[in-house]
Amino acid sequence: MSDVLTRLSELLEQRKAADPASSYVAKLYAKGMDSILKKIGEEATETVIAAKGGNHDEIIYETADLWFHTLVMLSHAGLSAQDVLNELARREGLSGIEEKASRTS
């Protein structure tokens, strides 16, 4: 599963040097973090609506859009999918209550 995320992360890094006129991702980068975050908000809302509707294909499609734009945000911030995977691995085996308590202490 992480192979896809690795390849996508590499592609997103390459797009930082691309012409915004020829690359959707480069255009997002050029517009800045606020525009990227706005897009994530839109995609999150569409994902919620799809989930409420219960259509599996729509849920998958909208979740893919949400994940994609979140990866763009991570890349813009100098982070990667691997950073998030590392955090998920760190949390593995912890209860949600324990994990949340570790962040507030």
Side-chain angles (χ1 to χ4, degrees):
M1 176 171 42
S2 66
D3 291 346
V4 172
L5 292 175
T6 299
R7 289 192 306 272
L8 188 51
S9 292
E10 290 169 358
L11 180 65
L12 294 176
E13 282 300 311
Q14 292 170 5
R15 292 295 191 259
K16 287 181 177 179
D19 179 2
S22 66
S23 165
Y24 172 73
V25 173
K27 184 188 280 188
L28 283 174
Y29 287 144
K31 288 182 177 181
M33 187 62 92
D34 285 347
S35 289
I36 296 167
L37 296 175
K38 180 180 176 188
K39 191 63 182 170
I40 291 172
E42 292 170 8
E43 298 301 344
T45 300
E46 291 172 3
T47 302
V48 169
I49 292 167
K52 291 283 285 176
N55 181 301
H56 289 184
D57 290 339
E58 288 179 21
I59 295 168
I60 291 166
Y61 181 87
E62 295 302 344
T63 301
D65 281 351
L66 177 58
W67 286 14
F68 176 81
H69 288 89
T70 300
L71 290 169
V72 171
M73 180 266 307
L74 287 168
S75 179
H76 189 70
L79 300 165
S80 70
Q82 189 59 54
D83 294 316
V84 177
L85 292 173
N86 291 345
E87 176 60 16
L88 289 171
R90 183 191 70 79
R91 294 180 186 188
E92 191 173 9
L94 290 176
S95 79
I97 293 169
E98 290 172 2
E99 194 285 322
K100 185 165 182 155
S102 74
R103 288 186 281 148
T104 58
S105 311

Enumerate, atom names and distances included, each donor-acceptor pair closer than 3.5 Å involving a side-chain atom of residues 70-86, sequence neighbours excluded.
residue : atom : partner : partner atom : Å
T70     : OG1  : L66     : O            : 2.8
S75     : OG   : E13     : OE2          : 2.8
S75     : OG   : Y29     : OH           : 2.9
S80     : OG   : Q82     : N            : 3.2
S80     : OG   : D83     : N            : 3.3
S80     : OG   : D83     : OD2          : 3.3
Q82     : NE2  : N86     : OD1          : 2.7
D83     : OD2  : S80     : N            : 2.8
N86     : ND2  : Q82     : O            : 3.3

Under the side chain to side chain contact (heavy atoms under 4.5 Å, CB included) test, which residues partner [X], sequence neighbours left out?
| X | result |
| --- | --- |
| D19 | A21, S22 |
| Y24 | L28, K39, F68, H69 |
| A64 | none |
| K31 | K27, S35 |

Correct closest heavy-atom pair for A18 and A26 would be O-CB, 3.5 Å
The reported gap from CD in E46 to CD1 in I49 (rounded to nearest 0.5 angstrom) is 7.0 Å
Distance col, row I40:CD1 vs M33:CE, nearest 0.5 angstrom, shows 7.5 Å
| query | R7 and E10: salt bridge (Lys or Arg N to Asp or Glu O under 4.0 Å), yes or no, with the steps? | reply | CA-CA 5 Å; R7 289 192 306 272; E10 290 169 358; over 6 Å; no
Shared hydrophobic cluster, Y61 / V4 (ILVMFWY, side-chain heavy atoms < 4.5 Å): no
The complete set of salt bridge (charged side-chain N to carboxylate O under 4.0 Å, His left out) pairs with one or both residues in residues 49-74, sequence neighbours excluded, reads none
Quick note, ring pair (Phe, Tyr, Trp, His ring centres under 6.0 Å) partners involving residues 31-50, not counting sequence neighbours, are none
